[in-house]
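Structure first, commentary second.
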Amino acid sequence: MKAWNKWLTRLFCLIILVDVVGIASSYGQHRLLDQFETALAVNDTMLAAAESNDLRQQVVAGLQVFLWICAMIASLTWIRSANQSARARGAVGMRFTPNWSIGWYFIPIASLWMPYQAMKEIWQAGRGGDAWKEDQVPDFFPIWWFVWLFNIFVSKAVLRNTLNTETIAELKHATVIAIASDAASIVLYLMFLSVVREVCRRHTSDPSKESDYNRPMQESLPG
């Protein structure tokens, strides 16, 4: 579990860095669109800037998609591994199997809440034994899930607006939504990193130390 913590931290930090670059790139695009919107005539310099902007945006977007795929594969693999870890610690009566702890992410409608239930169980069962169901998850767990759902909503809005842009005004609107999406992505990865660290802590701590499972939320946040 500690090795997963290290590698996911590195991957998420890289994604956050690229998202920051994405925000800066989109901001540059928005400023360029302002120039096109107010210009009386389009000159060669502006056309060259537009071509450079398009190339930059494509490179950043391509890198973001690639890292998103890597993050999804790594995260789902970690979730499955964490479920197995809870079972290895002697947890009795777990509802979700290792495969279904990740399978619910791909089931329409149910994916809105079942993956969160599976993650709650993974954290609770990290205590081992048969009394783990009585434990309450850290306060930031539901916040993480809300951010996850919000990020999905914003990402779909970005795709929908990008595919349907015909005017400069519409492209500016899509660019603002893209900036919001990248910002939400940063918050999401920070929150999920907190979840990963908290699960790893629980799964590697001494189950007999009850007070260890009731630490304040602030101690779990990345610092």
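Just so you know, these numbers come straight off a predicted model, no measurement behind them.
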Is any side-chain heavy atom of Val18 closer than 4.5 Å to one of Phe66? no
Could you see if Val59 belongs to whatever hydrophobic cluster contains Ile15? Use Ile, Leu, Val, Met, Phe, Trp, Tyr and a side-chain cutoff under 4.5 Å. no
Grouping I, L, V, M, F, W and Y whenever their side-chain heavy atoms are under 4.5 Å apart, do Ile23 and Leu17 come out in a common cluster? no
Shortest non-hydrogen separation from Ala71 to Leu11 and the atoms involved: CA-CD2, 3.8 Å
Going only through I, L, V, M, F, W and Y residues with side-chain contacts under 4.5 Å, is there a path from Met114 to Ile152? yes
Are the side chains of Pro98 and Arg87 in touch, meaning some heavy atoms are under 4.5 Å apart? yes
Of the non-hydrogen atoms in Cys200 and Asn5, which two are nearest, and what is the gap between them? SG-CB, 3.9 Å
Where does the angle between the aromatic ring planes of Tyr189 and Phe12 fall among parallel (under 30°), tilted (30 to 60°) and perpendicular (over 60°)? tilted
If you take all heavy atoms of Phe106 and Leu76, which pair is closest and at what distance? CZ-CD1, 3.6 Å
Restricting to side chain to side chain contact (heavy atoms under 4.5 Å, CB included), what partner residues turn up for Ala91, sequence neighbours left out? Met94, Ala125, Trp132
Closest non-hydrogen atoms of Ser26 and Ala178, given as atom of the first, atom of the second and distance, are OG-CB, 4.3 Å
Side-chain heavy-atom pair Trp4, Thr77 within 4.5 angstrom cut-off: yes
Tell me yes or no: between the side chains of Asn83 and Arg80, is some donor less than 3.5 Å from an acceptor? no
Given side chains that start at C-beta, do those of Tyr105 and Met72 come closer than 4.5 Å, heavy atoms only? no
Between atom CD1 of Ile73 and atom CD1 of Ile102, what is the distance when rounded to the nearest 0.5 Å? 11.0 Å
Using the side chain to side chain contact (heavy atoms under 4.5 Å, CB included) rule, take Met191 and Phe146 through it: C-alpha gap first, then chi angles, then the decisive distance, then the call. CA-CA 10 Å; Met191 293 298 300; Phe146 171 80; over 6 Å; no
Mind checking the CG-CG spacing from Leu188 to Leu149? Nearest 0.5 Å is all I need. 10.0 Å
Does the Asp19 side chain pair with the main chain of Gly22, one donor and one acceptor, at a distance under 3.5 Å? no
Side-chain contact test, heavy atoms from C-beta onward, threshold under 4.5 Å: evaluate it for Phe36 versus Lys172 and give yes or no. no
If hydrophobic clusters are built by linking Ile, Leu, Val, Met, Phe, Trp and Tyr wherever their side-chain heavy atoms come under 4.5 Å apart, do Val60 and Leu171 end up in the same one? no
Does Val92 share a hydrophobic cluster with Trp100, counting links as ILVMFWY side-chain heavy atoms below 4.5 Å and allowing steps through other members? no
Ignoring hydrogens, what is the shortest heavy-atom contact between Ser181 and Val158? Give both atom names and the distance. CB-CG2, 3.6 Å
Can a donor-acceptor pair be found between the side chains of Asp135 and Gln124 at a distance below 3.5 Å? no
Residues passing the salt bridge (charged side-chain N to carboxylate O under 4.0 Å, His left out) test with Lys120, sequence neighbours excluded, are none
Quick one: pull up CD in Glu121 and OH in Tyr116 and give me the separation to the nearest 0.5 Å. 13.0 Å
Look at atom CG of Asp44 and say whether more than 12 heavy atoms of other residues, nucleotides or ligands are closer to it than 6.0 Å. no
Among pairs that include at least one residue of residues 143-158, which meet side-chain hydrogen bond (donor to acceptor under 3.5 Å, both in side chains), considering only residues two or more places apart or in two chains? none
Flag side-chain contact, heavy atom, 4.5 Å: Ile122 against Arg202: no
Ser111 side chain vs Ile107 backbone, donor-acceptor pair below 3.5 Å: yes
Look up atom CZ in Phe150 and atom CD1 in Ile143, then write down how far apart they are to the nearest 0.5 Å. 14.5 Å
Taking all non-hydrogen atoms of both residues, which atom of Ser25 and which atom of Asn53 are closest, and how far apart? O-OD1, 4.4 Å
d(Glu37 CD, Gln35 CD) to nearest 0.5 Å is 11.5 Å
Drop me the distance from His203's NE2 to Glu198's CD, to the nearest 0.5 angstrom. 9.5 Å
Taking the side chain as every heavy atom from C-beta outward, state whether Val176 and His173 have any atom pair closer than 4.5 Å. no
Measure the shortest side-chain to side-chain distance between Arg197 and Thr9 over non-hydrogen atoms and say whether it is less than 4.5 angstrom. yes
